[in-house]
Amino acid sequence: MAVDEGELRRAERIVREAERVVVLTGAGISAESGIPTFRGPEGLWRQYRPEELATPEAFARDPRLVWEWYDWRRQRIAACHPNAAHLALARSMLRRGGIHILTQNVDALHSRAAVQAAGEGDASAAMPLKLHGSIFRARCVECDKRTPLYDDIDTQSVERLPRCQECGGLLRPDVVWFGESLDRAILERAFQLAGEADVCVIIGTSGLVQPTASLPGVTQSGGGRIIEINPEPTPLTAMADLSLRSGAASAAPRLFGGPKLSGPLR
Ligand code: NAD
Ligand code: ZN
């Protein structure tokens with residue numbers, strides 16, 4: 001997949017010269033870390049499609065099955081590592097201000113990259129805005145209390161599923177499911193950042209999930225540019241000023257300063 005060198009340089013210059021940058025990421029940025037996208041060939045689990053499991057109806061019908069799928073995904077994700085794209089972004093955010101990641105991913109790889117890039121320092125400047133929650137957090141279906149959740153889930157029976165420490169209610173993954181609304185404050189912040197940005201870099205999203213797919217249009221309406229990094233064309237390609245047909249791990253480091261040469265990339 002050869003990307004035109006001239007296009008890469010133009011994209012790099014746009015990002016370098018921009019005062020404010022938003023980076024909208026989707027499952028594709030984590031594909032080279034070994035995490036399957038939903039719509040890619042490995043997106044199926046047993047005979048189920050994600051749209052059949054990642055819904056409130058599926059959880060109400062069979063919480064054990066849904067937790068079983070999430071437990072499988074959590075274990076798979078926990079064994080993966082941030083790739084060169086996550087790390088280049090995190091380092092760039094720590095180096096210069098004005099970059100915000102808006103991610104649809106629930107895999108926490110941006111946060112792990114931030115911690116890795118910051119070393120002993122403060123990682124908070126490189127943390128993403130998580131539009132769809134995190135697979136390593138749970139939320140009570142009764143009282144809404146959120147808790148971090150890193151342990152393996154016992155999915156042998158409904159009785160053994162994780163419970164809320166406050167009220168005993170059933171816990172569910174703290175992610176936004178198909179048919180659910182995004183957290184309002186987070187969404188408002190995302191639209192504000194997109195509106196203020198000089199450039200929106202879209203990495204690895206199919207552009208099919210609303211309202212997130214509208215964010216690049218908000219940047220464009222405010223006079224900003226759009227750069228897309230994706231090996232495949234998407235519905236957002238037509239509006240992009242520059243479209244880089246490339247995997248995230250090779251293109252993103254070019255736009256965001258490249259990985260440091262000291263220390264192995266994991
Ligand atoms: P998607 O599966 O719909 O689309 C993934 C996109 O990534 C595709 O356009 C594909 O061409 C592109 N892609 C594949 N390999 C790539 C690479 N190496 N570099 C760059 N791009 C690449 O994903 P989506 O648009 O994020 O929407 C799916 C929803 O599912 C999201 O809401 C997300 O929360 C959830 N999801 C998350 C994860 C995760 O956290 N890693 C994984 C799967 C699904
Ligand atoms: Zn509760």
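Numbering of ligands and ligand atoms starts at 1, following listing order. When reading the values below, keep in mind they use all heavy atoms of this one structure, side chains included, and skip hydrogens, waters and symmetry mates.
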Test item: Leu193 and Arg189 side chains (from C-beta on) under 4.5 Å apart, heavy atoms | yes
Under 4.0 Å from a heavy atom of Ala31: give me the atoms of ligand 1 that qualify, with their elements.
-> 15 (N)
Run the salt-bridge test on Glu232 and Arg39 with the 4.0 Å N-O cut-off and return the result as yes or no.
-> no
Hey, is the main chain of Asn230 close enough, under 3.5 Å, to the side chain of Arg245 for a donor-acceptor pair?
-> yes
Please work out the angle at the Zn ion (ligand 2) defined by atom SG of Cys140 on one side and atom SG of Cys167 on the other, rounded to 10°.
-> 100°
Which ligand 1 atoms does Ile35 reach within 4.0 Å, using its non-hydrogen atoms?
-> 41 (N)
Per-atom filter on ligand 1: closer than 4.0 angstrom to a heavy atom of Glu32 are 17 (C), 18 (N), 19 (N)
Heavy-atom neighbours of Arg225 CZ exceed 12 at 6.0 Å = no
Which atoms of ligand 1 are found less than 4.0 Å from any heavy atom of Glu232?
-> 11 (O)
Once rounded to 10 degrees, what value does the angle at the Zn ion (ligand 2) take between SG (Cys143) and SG (Cys164)?
-> 110°
For ligand 1, indicate whether the residue Ala27 contacts it via side chain, backbone, both or neither (heavy-atom separation under 4.0 Å).
-> both
Decide if atom CZ of Arg10 counts as having more than 12 heavy atoms of other residues, nucleotides or ligands within a radius under 6.0 Å.
-> no
Backbone N/O of Ala58 and side chain of Thr55: donor-acceptor pair under 3.5 Å | yes
How about Gln47: does its CD atom have over 12 heavy atoms from other parts shown lying under 6.0 Å from it?
-> yes
Which of the ligand 1 atoms, numbered from 1, are nearer than 4.0 Å to a heavy atom of Arg39 | 1 (P), 2 (O), 3 (O), 27 (O), 28 (C)
Exam field: side chain Asp107 to backbone Ile77, donor-acceptor pair closer than 3.5 Å = no
Asp122 side chain to Ser124 backbone, donor-acceptor under 3.5 Å | yes
Numbering as shown, the atoms of ligand 1 that approach Gly26 to under 4.0 Å (heavy-atom distance) = 26 (O)
What do we get for Ala54 next to ligand 1 when only non-hydrogen atoms under 4.0 Å count, side chain, backbone, both or neither?
-> neither
Which of these, Ile202, Asn230, Leu244, has its nearest heavy atom closest to atom 10 (C) of ligand 1?
-> Asn230
Non-hydrogen atom of Leu208 closer than 4.0 Å to ligand 1 = no
Below 4.0 angstrom from a heavy atom of Ala248, which ligand 1 atoms are there? Numbered from 1 as shown, please.
-> 17 (C), 18 (N), 19 (N), 20 (C)
So, the side chain of Glu166 versus the backbone of Lys145: is there a donor-acceptor pair under 3.5 Å, distance only?
-> no
Which of the ligand 1 atoms, numbered from 1, are nearer than 4.0 Å to a heavy atom of Pro36 | 42 (C), 43 (C)
Under a 4.0 Å heavy-atom limit, does Asn105 contact ligand 1 with its side chain, its backbone, both, or neither?
-> both
